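We count residues from 1, following the sequence as given. From a predicted model like this one, the values you see are computed outputs, not experimental measurements.
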Amino acid sequence: MSGEIQFPSPFEVPTPPGAEGWQEMYPYYVLFSEDRRADEENRLWFYNGMHFPEPITPFDIITAEAAYVAIGEMSTRIFCIPPAKGIDFRVLNGYVYISPTPVTDPEAIQERAQLFEKRAGYYYANWRSIYDEWKQKLTREIEQLKAITFPDLPEVEDEKIVFERLGIGTSYDLLRSYHQAIESIYRVWQIHMEIIMIGFGAYFSFYDFCKRSFPEISDQQVTQMVGAIDVSMFRPNYELMRLARKALELGVADYFKPGASPQDVFAQLEQVEAGRAWLSEWEASADPWFYMNSGDGFQHHHRAWIDDPTPIFNVLPDYIARLQRGERLERDVEALRQRRDEITEGYRNLLQTDADRQAFDQLIGLVRDVYYSVEDHKFYVEHWYMSTFWNKMRELGRVFVAHGFFEDEDDLFLLHYTEVYQALFDLLLGWSIGAPSRGPAYWPQLIARRKALMEQLRKWTPPPALGVVPETIGDPAVVMLWGITSDRLRAWLSPEDGNVLNGFAAAPGVVEGPARVVLSVQDLQHVQDGEILVCSVTEPSWAPIFTKVRATVADIGGVMSHAAIVAREYHIPAVLGTGNATKRIRTGQRIRVDGDSGTVTILDD
């Protein structure tokens, strides 16, 4: 460690005006605190804008709690990943900051390596069947979550409780349903991290071999050797392409006009036979593939396409127009694989011994078997499951609305899930004896205050990092996924002057074009063909945009982030982890993106 706090201390960051008392919204254990100051002030904490780009509501913190407990347990106590013990997190002014927990003792790393080799080795040897079972487990979890119901509270219970000798009433059913939902999300995030940590582990083994065997190899060249993947995250976009073709086949393409709302288009299609046939095709695609949400699944207000297709609906007229011009929509997987194999063969030929070539062959075989899960898993958990979970909580919110606790079903998300239990018990206690509950007088005031606090927190710009910049970042996942290295952090501390920005060379190629700065999902509808996407971080649901843009530049992200993977698969250059591209670049400015060197040059003043 450098021993010097270079980014702001978390204890010296001021509260935004009008947001005094924001801490009341979050449980004590996720806040920076004086009793832990000695440790917290001397660690690196970086803003996790990749997963939590906006201030987090009290209920949504459950995704951070479930995810980081699961990462820690899988890393530290189940698979024993040698250099990393997981991630700690805190909330500051409503924003999530995370801190990697490295293993620094060489003896401990060696001991953990032996455990990891045995435990992970079992998974790798049985990967195909394990991953198939994993997908089946997730599908069952989703079906079980959908089956949970939150019953209305009747004036008088059904007589079958008496005559069928059930002995259990609706109050228990409602409590059980809530507990089942909460248990479900914690269970799913355990299942999630079971796969993702092993997937990262396989990649890191190959990465380490390449770095030792080919000292000059770039991170990007390593990733190119395991690319050309076909994963479920691409399927929603393929379904949109299919629907564009169906619109042409059925003769309803003229209904899809740029800027038209999906509600208007659907209403018009309902009036004609061919339109109804197209709507049937939409329904066939929607479940499950349009459970893609507009964020990364961690926050409730990032709605799924199946709930609100508005953010991606303009893709359909664009795809229809491109098909009419005879253009190809799908990425050229064959060309990607050919390039992948050329790079792989070139590096294999540099190895001097049969033993090294055998080790290389085993590792490349393993990582190609396992690597796709790093991207494939996201659809099942972050999108299909989490979109279902948020909507299930809205069903419970409607119960509270019916009894005067909330004004809107989404008010539930302004309570921590332990507070939701308190409100539920208050409701059941009053209902059971026919007495007034305290909730209708208590929760609306609290919710109104929290809405005001959230509004003020949204106006605040979180610093990219807090605390100490370490000499090295020991957790390879932090480097690969978030693009956090000591060098990048120091660059953030001393932003480059002039017209050149530096970042990670995440996908190869050099292009020039006009920039389109996208700060929210609502901005996506303005992206034009041939522009260069500049954003804080891309979201998985933005995949259709990658067929329009010439390159991607992002504030956040490493070579294994979603943005990097998608850019390589769509064969467009990407420079990620710039730290401040969205602040340095304006929409319309002409820029050059060099995905080979990791630089972005602003060509216009």
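Between Ser561 and Leu576, the closest side-chain pair of non-hydrogen atoms falls below 4.5 Å.
Here CG of Leu138 is found 11.5 Å from CG of Leu145. Values are rounded to the nearest 0.5 Å. Within the model, atoms CG of Asp411 and CZ of Phe400 stand 11.0 Å from one another, a figure rounded to the nearest 0.5 Å. Distance check: Glu117 CD to Phe79 CZ gives 14.5 Å after rounding to the nearest 0.5 Å. Residue His192 holds its NE2 atom at 13.0 Å from OH of Tyr380, rounded to the nearest 0.5 Å.
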**OP:** Might you work through the ring pair (Phe, Tyr, Trp, His ring centres under 6.0 Å) test for Phe298 and Trp189, ending with a clear yes or no?
**Re:** CA-CA 11 Å; Phe298 288 76; Trp189 280 96; 5.2 Å; yes
Original post:
Are Phe7 and Trp45 close enough, and set up right, to give a ring pair (Phe, Tyr, Trp, His ring centres under 6.0 Å), and what steps lead you there?
Top reply: CA-CA 9 Å; Phe7 283 99; Trp45 302 88; over 10 Å; no
Subject >> Test log, rule side chain to side chain contact (heavy atoms under 4.5 Å, CB included), inputs Thr461 and Lys583 >> reply: CA-CA 11 Å; Thr461 300; Lys583 295 181 177 63; 4.3 Å; yes
Subject >> Check against side chain to side chain contact (heavy atoms under 4.5 Å, CB included), His51 and Trp482 >> reply: CA-CA 10 Å; His51 297 123; Trp482 283 279; 3.6 Å; yes
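Ring orientation note: the planes of Tyr95 and Tyr47 are nearly perpendicular, at an angle over 60° on the 30°/60° scale.
For the pair Ser75 (side chain) and Ala84 (backbone), a donor-acceptor distance under 3.5 Å is absent.
Note on Lys137 versus Glu194: salt bridge recorded, some NZ/NE/NH1/NH2 to OD/OE distance being below 4.0 Å.
Residues Ala581 and Leu501 approach most closely at CA-CD2, 3.6 Å, considering heavy atoms.
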